[in-house]
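A short worksheet on the structure shown next.
In each ligand, atom 1 is the first atom listed, and ligand 1 is the first ligand listed.
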Amino acid sequence: MSETEAFPGTVYLVGAGPGDPELLTVRARRLLDSADVVAHDSLVHEELLDSIPATIRLVDVGKRPGPDGQRTTQEEIHELLVKTASEPASVVRLKCGDPTVFARGGEEAEALAEAGVDCEIVPGVTSAIAAPGVAGIPVTHREHASALTVVTGHEDPTKPESALDWAALADTVAAGGTLSILMGVGRLPDNMAALESAGLDPETSVAMIERATYEDQTVVTGTVATITDRAERADLSPPAVTLVGDVVDVREAIDACMQSLDRQLITTDQYSQIEGD
Ligand code: SAH
């Protein structure tokens with residue numbers, strides 16, 4: 001039996017965007033409306049899941065512990081995708097943001113290729129760029145930043161085996177680049193300390209955008225030196241994007257026209273007021 005006969009289905013690794021269902025691509029919408037199965041992560045907007053026709057089988061493969069404390073392992077996800085593709089089905093593997101940015105889309109595509117399953121990557125709007133964007137912060141700017149580096153903030157920066165060179169990242173920002181840190185809430189203090197001890201000016205601007213494009217989107221601004229304390233006082237929790245660099249200051253010039261800033265925004269000025277009280 002040929003591979004095509006064994007797996008007549010196709011798996012689409014689809015980006016759902018940062019949250020707001022309107023930020024889905026047209027292709028993603030079309031696939032979601034015509035799929036047989038949609039296997040999604042936990043970080044996909046409830047409204048988007050509700051918009052999927054009731055006839056389509058929805059499988060939650062979120063890796064967060066459920067009520068029964070169960071987790072779907074990456075291996076189980078691979079098995080599920082391969083198994084579902086053994087039927088002539090259209091299978092959408094829905095991931096938040098872009099499926100190839102810290103989303104294990106590459107690993108899933110490799111597993112599918114190994115099994116001989118047809119697969120397609122359908123890009124999505126990544127939170128690494130969209131979260132600052134909706135908060136009025138352009139990730140590059142002719143006068144302020146000519147490079148963008150996207151990293152995970154999840155690793156322990158003090159571990160010698162860390163895959164990230166924080167001294168090099170500090171140099172990138174000092175040289176006029178922007179750093180977009182995903183999954184960086186838990187290790188925020190360590191990461192800011194790593195940048196500072198690598199010589200980055202502690203006055204360098206930082207913004208954190210929590211739950212970007214959701215109704216309760218919150219933006220906290222500060223500097224490498226102050227952001228940890230401010231994030232803590234704002235009770236900021238994942239998911240959030242941390243942006244480091246001079247582009248953060250552009251927000252002040254354009255926020256008057258930014259409708260999305262109607263959402264909760266904790267600005268430096270408000271903090272000064274709190275501190276002054
Ligand atoms: N593939 C996703 C990233 C997945 S890793 C993408 O391209 O956006 C999960 C991290 O993404 C979170 O820890 C957070 O840093 C970021 N993230 C995803 N959605 C977000 C949102 N709506 N607001 C802020 N950060 C978000």
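- Under 4.0 Å from ligand 1, heavy atoms of A212 appear from its side chain as well as its backbone.
- Contacts of L43 with ligand 1, taken as heavy-atom pairs under 4.0 Å, involve the side chain alone.
- Among T242, D41, V241, V101, the residue whose heavy atom lies closest to atom 25 (N) of ligand 1 is V241.
- Considering R93, R104, K95 as possible partners of D41, the one that fulfils the side chain to side chain donor-acceptor pair (under 3.5 Å) test is R93.
- Near T126, meaning under 4.0 Å from one of its heavy atoms, ligand 1 places the atoms 6 (C), 7 (O), 8 (O).
- Counting atoms of ligand 1 from 1 in the listed order, those under 4.0 Å from a heavy atom of A103 are 1 (N).
- Those atoms of ligand 1 with a heavy atom of P18 less than 4.0 angstrom away are 19 (N), 21 (C), 22 (N).
- Looking only at distances, a side-chain donor or acceptor of T218 sits under 3.5 Å from a matching main-chain atom of D216.
- Across the listed options A131, G153, G97, G97 owns the non-hydrogen atom lying nearest to atom 6 (C) of ligand 1.
- Nearest protein neighbour of atom 12 (C) of ligand 1, counting heavy atoms only, is P239 CB, 3.9 Å.
- Nearest non-hydrogen protein atom to atom 10 (C) of ligand 1 is M183 CG, 3.8 Å.
- Residue, atom and distance of the protein heavy atom nearest to atom 15 (O) of ligand 1 are A240 O, 2.7 Å.
- The shortest side-chain heavy-atom distance between E210 and P239 does not fall under the 4.5 Å cut-off.
- Less than 4.0 angstrom separates some heavy atom of F102 from each of these atoms of ligand 1: 4 (C), 5 (S).
- Taking the side chain as every heavy atom from C-beta outward, V224 and V173 never approach each other to under 4.5 Å.
- Using a 4.0 Å cut-off to heavy atoms of D98, the atoms of ligand 1 that qualify are 1 (N), 6 (C), 7 (O).
- Formation of a donor-acceptor pair under 3.5 Å by the S42 side chain with backbone atoms of G62 is not found in this model.
- Of all the atoms in ligand 1, the ones that sit under 4.0 Å from a non-hydrogen atom of R211 are 22 (N), 23 (N), 24 (C).
- For the side chain to side chain contact (heavy atoms under 4.5 Å, CB included) test with V11, the passing option among T84, V91, D118, V37 is V91; the others fail.
- By the 4.5 Å heavy-atom criterion applied to side chains, V122 and L31 are counted as neighbours.
- With a heavy-atom cut-off of 4.0 Å, Q217 does not touch ligand 1 at all.
- Judged purely by atom type and a 3.5 angstrom limit, T226 uses its side chain to pair as donor or acceptor with the backbone of T223.
- Residues R27 and E120 form a side-chain contact, since some pair of their non-hydrogen atoms from C-beta on lies under 4.5 Å apart.
- The ligand atoms of ligand 1 that sit less than 4.0 angstrom from a heavy atom of I209 are 24 (C).
- The shortest distance between side-chain heavy atoms of V117 and L81 does not fall below 4.5 Å.
- The residue from G186, G19, S180, S127 that puts a heavy atom closest to atom 11 (O) of ligand 1 is S127.
- What sits closest to atom 2 (C) of ligand 1 on the protein, heavy atoms only, is C96 O, 3.2 Å.
- Remark: side-chain polar atoms of T126 are not paired, donor with acceptor, to backbone N or O of I129 under 3.5 angstrom.
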